[in-house]
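Since the structure comes first, as structure tokens, the remarks are kept for the end.
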Amino acid sequence: MTFDFVSRWLGRHRDRPGVTVDLACGGRVTLREMDGRSVLVVTTAPGPGGRSDVAAVPLSDAERRELGQVLDSGILLAS
């Protein structure tokens, strides 16, 4: 999973479309399809050692629809 994500981060495997939001802190959040399931991939900003942590969270159909409505509206909330 991590290797696959790093490959996409480096610009490889562009055949897997997704919606990515780059965060001001240096992290990134991506909504994409993996193995036919919607997944929210969260990458932290690089730490002092240059390492980022990655977590992939599978989404239910209802969660995917809710996120899709927010993304389609173009409104992103920031705290």
Side-chain angles (χ1 to χ4, degrees):
M1 167 67 194
T2 302
F3 180 76
D4 188 36
F5 181 78
V6 170
S7 294
R8 286 192 310 273
W9 182 279
L10 294 173
R12 299 181 182 108
H13 300 291
R14 292 191 185 271
D15 56 336
R16 293 183 176 173
V19 177
T20 300
V21 177
D22 292 318
L23 306 174
C25 67
R28 127 182 329 192
V29 178
T30 303
L31 178 63
R32 69 176 62 245
E33 297 291 322
M34 295 177 118
D35 299 325
R37 302 268 338 228
S38 296
V39 177
L40 187 68
V41 180
V42 180
T43 306
T44 63
R51 182 176 175 184
S52 296
D53 292 318
V54 179
V57 181
L59 300 175
S60 69
D61 291 337
E63 291 167 327
R64 174 61 179 103
R65 280 191 301 274
E66 288 180 27
L67 273 173
Q69 289 174 356
V70 171
L71 293 171
D72 291 341
S73 71
I75 299 172
L76 296 176
L77 303 176
S79 57

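The basis for the numbers below is simple: all heavy atoms, side chains too, and nothing from hydrogens, waters or symmetry mates.
- Legend: residues meeting side chain to side chain donor-acceptor pair (under 3.5 Å) with S52, ordered by chain and number and at least two apart, are absent.
- Residues passing the side chain to side chain donor-acceptor pair (under 3.5 Å) test with E63, sequence neighbours excluded: S60.
- Residues L59 and L31 meet the side-chain proximity criterion, which asks for heavy atoms closer than 4.5 Å.
- Put simply, the side chain of P46 does not reach to within 4.5 Å of the side chain of R51, judged on heavy atoms.
- By the side chain to side chain contact (heavy atoms under 4.5 Å, CB included) test, R65 is found to be paired with D61, A62, residues two or more places apart in sequence or in another chain being considered.
- The one candidate from T30, T44, T43 that meets the side chain to side chain contact (heavy atoms under 4.5 Å, CB included) condition with V54 is T43.
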